[in-house]
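Scroll down for the structure; my scribbles are underneath it.
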Amino acid sequence: MIELFDLRGQYFELREEINAVVMETLAAGKYILGPRVRQLEKTIAAYCGTPYGVGVASGSDALYLSLAACGIGEGDEVITSPYTFFATAGAITRTGATPVFADIDYDTCNIDPERIKNRITGRTRAIIPVHVFGQMADMDAVINLADKHGLVVIEDACQAMGAEYRGRRAGSLGHAGCFSFFPTKNLGGYGDGGMVVTGNDNLAARVEVLRAHGSRSKFVHESMGWNSRLDELQASVLLVKFKHLEMWIEKRKALAGYYNQLLGEVVNIPREMDGNRHTYHLYAIRTPHRDTIKTYLQRNGIDCGIYYPIPLHLQAAYRHLGYKAGDFPEAERAAGEVLAIPVHPGLAFPEIEKIARLVREAILNA
Ligand SMILES: *Cc1c(COP(=O)(O)O)cnc(C)c1O
């Protein structure tokens, strides 16, 4: 069985080092928002090229807290992609604001800046571009639009740590960048976790206060907030894994390059835009034979996944927004054609050959 993510394999590779830091952290006696969280905040901020990093409880909370820190709430609209994990839009709704979708670009499956334009209204306050599959959205175009209309840009970089756009790292281009440390992400812990990175000291300070019940000093609460803290065990594990992140990304890129060679003629392979560094959180092929391939791979012991089978505008949870099938044709087309096949850094090149061979066989039989 070749899995889409191999978290156990990765643990066994790093077992001694991880066990050691976990034991140290347990013995240190400080378990929430301690020195390891602070060190991780500094490490991730430096890696992204931003002055500030604030550890939070999840990627979903990173998005929610960033929006809330910008004062976004009831009566506001936030534009985002309908082709993403639910959390992106869920975070908007949780602030009281309304998610407004704009269709995606065929080549990258990222939000299409041209389609953002006519979604902007007098109520629009922010844009959340999602760097889906590990490749950044067309940020210059997004930021130009945002500047022209005085909008906040919050990057959903949950799938894209280490990705680059014209030499700049994911998370460093918008007013804030949001990351997830969910176990399957390129840098994942052994539980939930997330981080907001930003170059804006006010925004960083606001998120810090909001993650701790609106409190800067113990039992003094200057505003509403909630509990969204990162813990020391996750931070200590993430600090160990961080040392391998660049190597893992390079391995993912090499595996993706090999797939490209083997599959370029039979399916639509992922398209890397000029000047982008794609981190291949997912290697997503597109083909009208998607469902046939999926069944065939699974029957042959290869795990694969449909990201995302139902675009957000067609989710029952958003029925009240009044969208219907046909509203975002590119997102709907992607939902019917995209298949993610294994690309995790624990894979060897012969396994890529095997998977590619099975994909070709499935198409021949289709
Ligand atoms: C994983 C993910 C999130 C949410 O992160 P959690 O840590 O699971 O809350 C948000 N957006 C995208 C695009 C993601 O892939």
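Excluded from the calculations below are hydrogen atoms, water molecules and symmetry mates; all remaining heavy atoms, backbone and side chain alike, are included. Whatever order the structure lists ligands and atoms in, that order sets their numbers, starting from 1. Throughout, numbering of the chain's residues begins at 1 and tracks the sequence.
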Handout entry: CA sep, side-chain torsions, deciding dist, call: I92, L67, side-chain contact (heavy atoms from CB on, under 4.5 Å)
Key = CA-CA 7 Å; I92 298 167; L67 290 164; 3.9 Å; yes
Only distances under 3.5 Å count here; give the side-chain donor-acceptor pairs of residues 3-10 to other protein atoms, sequence neighbours excluded, each with its distance to 0.1 Å.
| residue | atom | partner | partner atom | Å |
| --- | --- | --- | --- | --- |
| D6 | OD1 | G9 | N | 3.1 |
| Q10 | OE1 | K241 | NZ | 2.7 |

Handout entry: All pairs passing side chain to side chain donor-acceptor pair (under 3.5 Å) where residues 192-213 contributes a residue, at least two apart
Key = E41-R211
Exercise for the section: With R94 as the cation and Y64 as the aromatic partner, state whether NZ or CZ is under 6.0 Å from the six-membered ring centre and within 45° of the axis. Expected result: yes
One line per pair, note the atom names and distance for all nitrogen or oxygen contacts under 3.5 Å between ligand 1 and the protein.
| residue | atom | partner | partner atom | Å |
| --- | --- | --- | --- | --- |
| ligand 1 | 5 (O) | S180 | OG | 3.3 |
| ligand 1 | 7 (O) | G59 | N | 2.8 |
| ligand 1 | 7 (O) | S180 | OG | 2.6 |
| ligand 1 | 9 (O) | G59 | N | 3.4 |
| ligand 1 | 9 (O) | S60 | N | 2.8 |
| ligand 1 | 9 (O) | S60 | OG | 2.5 |
| ligand 1 | 11 (N) | D156 | OD1 | 3.3 |
| ligand 1 | 11 (N) | D156 | OD2 | 2.8 |
| ligand 1 | 15 (O) | Q159 | NE2 | 2.9 |
| ligand 1 | 15 (O) | K185 | NZ | 3.1 |

Practice task
Scan residues 240-275 for pairs that pass ring-ring contact (aromatic ring centres under 6.0 Å, His included), counting only residues two or more places apart or in two chains.
Solution key: Y47-F242, H244-W248, Y258-F349, Y259-Y283
Practice task
With the side chain counted from C-beta on, respond yes when D138 and Y165 share a heavy-atom pair under 4.5 Å apart, and no when they do not.
Solution key: yes
